[in-house]
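Working notes, beginning with the structure itself.
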Amino acid sequence: MKFHLHSSFRLAVLSALFVGVLSLHGRVEAQMDHSRPMAAVKQKDVCQGSGLDCANAATPFFSSDGKLLLAWNANGVVSVGQSSDLGKTLASSVKIAEHGKSLDTGSDARPQIVADKQDNVFLAYAFFKDSNWNAQINAARSTDGGNTFSSPVSLVQDGSSQRFPSVLIRPDNSIFISWIDKRLVAAAKQSGVKRLGGSIAYSFSSDGGKTFQAEQFANESTCECCRISGALDPQNQPVIVYRAIFPGGIRDQASQVISARGAEPVRRVADDEWKTDACPHHGPSIAVSGSGKLHVAWYTQGGKRSGVFYANSSNQGLSYSKPARIGAEGANVSRPYLLALGQQVWLTWKEFNGTYSLVYMKQSADDGKTWSAPQLISKTNGYSDHPLLVNKRDAVFLSWLTRNDGYQLIKLGQQQ
């Protein structure tokens with residue numbers, strides 16, 4: 001199903017059910033904060049600035065020349081900074097937009113940033129346009145490597161609600177963006193019909209984000225408040241994973257390949273049988289290895305299993321391996337994240353022991369067949385963002401924003 005997209009992108013808005021922090025196994029999962037030199041600086045719980053030291057979420061991307069681009073939210077302000085020394089200092093930073101309390105800073109929301117080989121940088125984020133959690137995705141562009149940006153504009157021309165943009169850059173410099181879209185829910189409401197959740201919408205741009213193709217739906221029935229994760233397969237096709245709504249109100253994970261023909265069939269990652277009308281605010285993660293194997297990690301509180309799990313598929317999601325628990329069964333585990341290079345796969349996650357948030361990592365050198373023992377990478381006793389993985393060519397880094405210990409970019413290893 002297709003719908004019209006504005007050439008300079010007019011992105012409407014998404015209604016998301018409750019935002020805020022996620023209560024996970026009885027614990028409040030906070031987000032994290034940071035600004036200025038990316039060094040570790042002790043901060044109070046309440047941070048008033050708009051710099052990285054006061055951020056609640058930060059997203060990294062390495063440009064083709066090896067420069068670290070970092071997009072963050074802090075006190076209602078969206079900013080982008082550059083670092084030429086692997087995150088030790090910010091060489092420059094620029095404010096993109098100020099939305100105050102209307103900026104979407106929910107536990108699964110974060111700005112998205114990518115850059116192509118011609119120094120074009122594309123940024124997307126969401127903000128709420130009313131008190132009913134209806135959101136709009138804005139996009140901004142830079143043609144000089146992130147030194148200056150255009151004024152943010154709405155991504156799509158639709159008056160309902162869009163949220164949780166997820167962006168990929170392909171080797172041919174084209175951009176793929178997907179998001180949670182509420183226009184079908186809004187249309188049903190106008191017709192007097194109750195419709196749960198949202199939909200997965202997506203589009204492509206071949207001119208650095210100046211214009212986008214007509215949007216399409218990948219799945220018309222999905223959770224409205226969990227982020228989408230995406231990765232490219234060996235054919236440079238986007239593969240997305242998200243929390244879908246299956247018959248009976250079951251909110252389990254689903255994957256889809258977006259091919260030249262459009263969205264391929266929805267594939268269920270696992271039959272967790274999580275029946276809920278609530279918002280988990282806890283989306284999945286996906287990585288695709290050099291063999292084309294899909295690696296997926298997710299959180300669930302289903303009737304068949306509860307916790308954080310990992311599975312993989314060698315047939316584009318047609319079938320998945322038996323879910324394997326991440327972390328010890330009694331541990332307070334959250335926020336898994338995956339990255340793959342060739343046959344190597346990295347998996348990180350967060351645990352909370354009552355005092356500290358700890359980030360663990362394990363690695364597979366054989367495409368997920370066997371894994372190393374979990375290794376503690378970092379910890380903090382203050383607010384912290386989700387642990388993310390990013391690569392600079394063959395080098396893999398943990399990117400972790402913490403309030404008390406600063407922004408951390410920790411090298412994990414190289415492709416073997």
Side-chain angles (χ1 to χ4, degrees), residues 1 3 12-19 22-24 104 106-109 126 132-135 137 158 160-166 178-202 215-230 239-258 262-286 294 296-309 311 313 317-320 323:
M1 179 176 185
F3 34 95
V13 131
L14 163 184
S15 71
L17 251 130
F18 175 75
V19 290
L22 166 69
S23 175
L24 179 62
D104 186 356
S107 58
D108 241 6
N132 295 316
W133 311 118
N134 290 308
I137 297 175
D158 173 76
S160 61
S161 178
Q162 287 79 34
R163 197 179 174 197
F164 301 119
S166 177
S178 57
W179 64 89
I180 304 293
D181 196 285
K182 296 275 285 197
R183 71 189 70 189
L184 296 181
V185 174
K189 184 177 181 180
Q190 288 183 344
S191 301
V193 178
K194 184 179 180 180
R195 184 183 181 122
L196 292 175
S199 306
I200 301 294
Y202 69 91
E215 310 105 289
Q216 299 186 53
F217 285 126
N219 189 337
E220 296 186 2
S221 187
T222 68
C223 184
E224 65 271 39
C225 54
C226 291
R227 72 180 187 274
I228 305 164
S229 180
V239 187
I240 56 175
V241 63
Y242 53 87
R243 192 181 303 279
I245 299 180
F246 291 96
I250 302 298
R251 300 198 182 203
D252 284 351
Q253 304 301 321
S255 65
Q256 274 182 284
V257 176
I258 310 298
E264 298 295 331
V266 175
R267 305 299 190 188
R268 193 167 182 165
V269 175
D271 57 342
D272 298 331
E273 298 294 331
W274 190 2
K275 182 176 176 58
T276 178
D277 289 335
C279 271
H281 294 279
H282 204 306
S285 178
I286 188 171
L294 312 185
V296 179
W298 72 97
Y299 164 79
T300 183
Q301 286 188 340
K304 289 190 175 180
R305 63 184 59 86
S306 180
V308 177
F309 294 86
S313 172
L318 186 62
S319 61
Y320 277 88

Is Cys279 disulfide-linked to Cys226, taking SG-SG under 2.5 Å as the test? no

Test log, rule side chain to side chain contact (heavy atoms under 4.5 Å, CB included), inputs Tyr242 and Val266: CA-CA 10 Å; Tyr242 53 87; Val266 175; 3.8 Å; yes

I'd like to know if the side chain of Tyr299 and the backbone of Phe309 have a donor-acceptor N/O pair within less than 3.5 Å. no

Ignoring hydrogens and geometry beyond distance, is a side-chain donor-acceptor pair present between Tyr320 and Ser255 at under 3.5 Å? yes

Qualifying residue for salt bridge (charged side-chain N to carboxylate O under 4.0 Å, His left out) with Glu224, from Arg183, Arg163, Arg251: Arg251

Check whether Asp108 reaches the backbone of His282 with its side chain - one donor and one acceptor, N or O, closer than 3.5 Å. yes

To check you understand the geometry: which heavy-atom pair defines the closest contact between Trp179 and Pro165, and what is its length? CB-CA, 4.1 Å

Are side-chain heavy atoms of Ile286 and Ile240 found at a separation under 4.5 Å? no

Can you check whether Ser199 reaches Ser221 side chain to side chain, under 4.5 Å on heavy atoms? no

Using atom types as modelled and distance alone, determine if a side-chain donor or acceptor of Asp104 lies under 3.5 Å from a backbone N or O of Ala126. no

Salt bridge (Lys or Arg N to Asp or Glu O under 4.0 Å) with Arg195: which residues, sequence neighbours excluded? Glu220

Which pair of non-hydrogen atoms, one from Ser166 and one from Gly230, has the smallest distance, and what is that distance? OG-N, 4.0 Å

Please list, chain by chain and in numerical order, all residues satisfying salt bridge (Lys or Arg N to Asp or Glu O under 4.0 Å) with Lys275, sequence neighbours excluded. none

Please report the closest heavy-atom contact between Ser160 and Asn134, naming both atoms and the distance. O-CB, 4.1 Å

Salt bridge (Lys or Arg N to Asp or Glu O under 4.0 Å) partners of Arg243, counting only residues at least two apart: none

When rounded to the nearest 0.5 angstrom, what is the spacing between CD1 in Ile200 and OG1 in Thr222? 4.0 Å

Residue pair Ile250, Ile245: steps toward the side chain to side chain contact (heavy atoms under 4.5 Å, CB included) verdict: CA-CA 6 Å; Ile250 302 298; Ile245 299 180; over 6 Å; no

Can you check whether Trp274 reaches Pro280 side chain to side chain, under 4.5 Å on heavy atoms? yes

Quick one: does any side-chain atom of Gln256 pair with a main-chain N or O of Ala218 as donor and acceptor, under 3.5 Å? yes

What's the separation between atom SG in Cys225 and atom CD1 in Ile180, rounded to the nearest 0.5 Å? 8.5 Å

Hey, does the side chain of Asp252 reach the backbone of Glu273 with a donor-acceptor pair shorter than 3.5 angstrom? yes

Point-to-point distance, once rounded to the nearest 0.5 Å, from CZ of Arg227 to OG of Ser178: 12.0 Å

Pick one: which of Val241, Val308, Asp272 meets side chain to side chain contact (heavy atoms under 4.5 Å, CB included) with Trp298? Asp272

Carefully, step by step, assess Ile258 and Val239 under the rule side chain to side chain contact (heavy atoms under 4.5 Å, CB included). CA-CA 6 Å; Ile258 310 298; Val239 187; over 6 Å; no

Would you call Arg268 and Phe246 a side-chain contact if the rule is heavy atoms closer than 4.5 Å? yes

Which heavy atom of Tyr202 sits nearest to which heavy atom of Ala263, and what is that distance? OH-N, 3.3 Å

Is a side-chain N or O of Lys182 found less than 3.5 angstrom from the main chain of Gly197, in a donor-acceptor match? yes

Nearest heavy-atom contact between Ala201 and Asp181 is CB-CB, 3.9 Å

Given 3.5 Å as the limit, does a donor-acceptor pair link the side chain of Thr276 with the main chain of Ala278, or not? yes

Closest non-hydrogen contact found for Ala254 with Ala244 is CB-CB, 3.8 Å

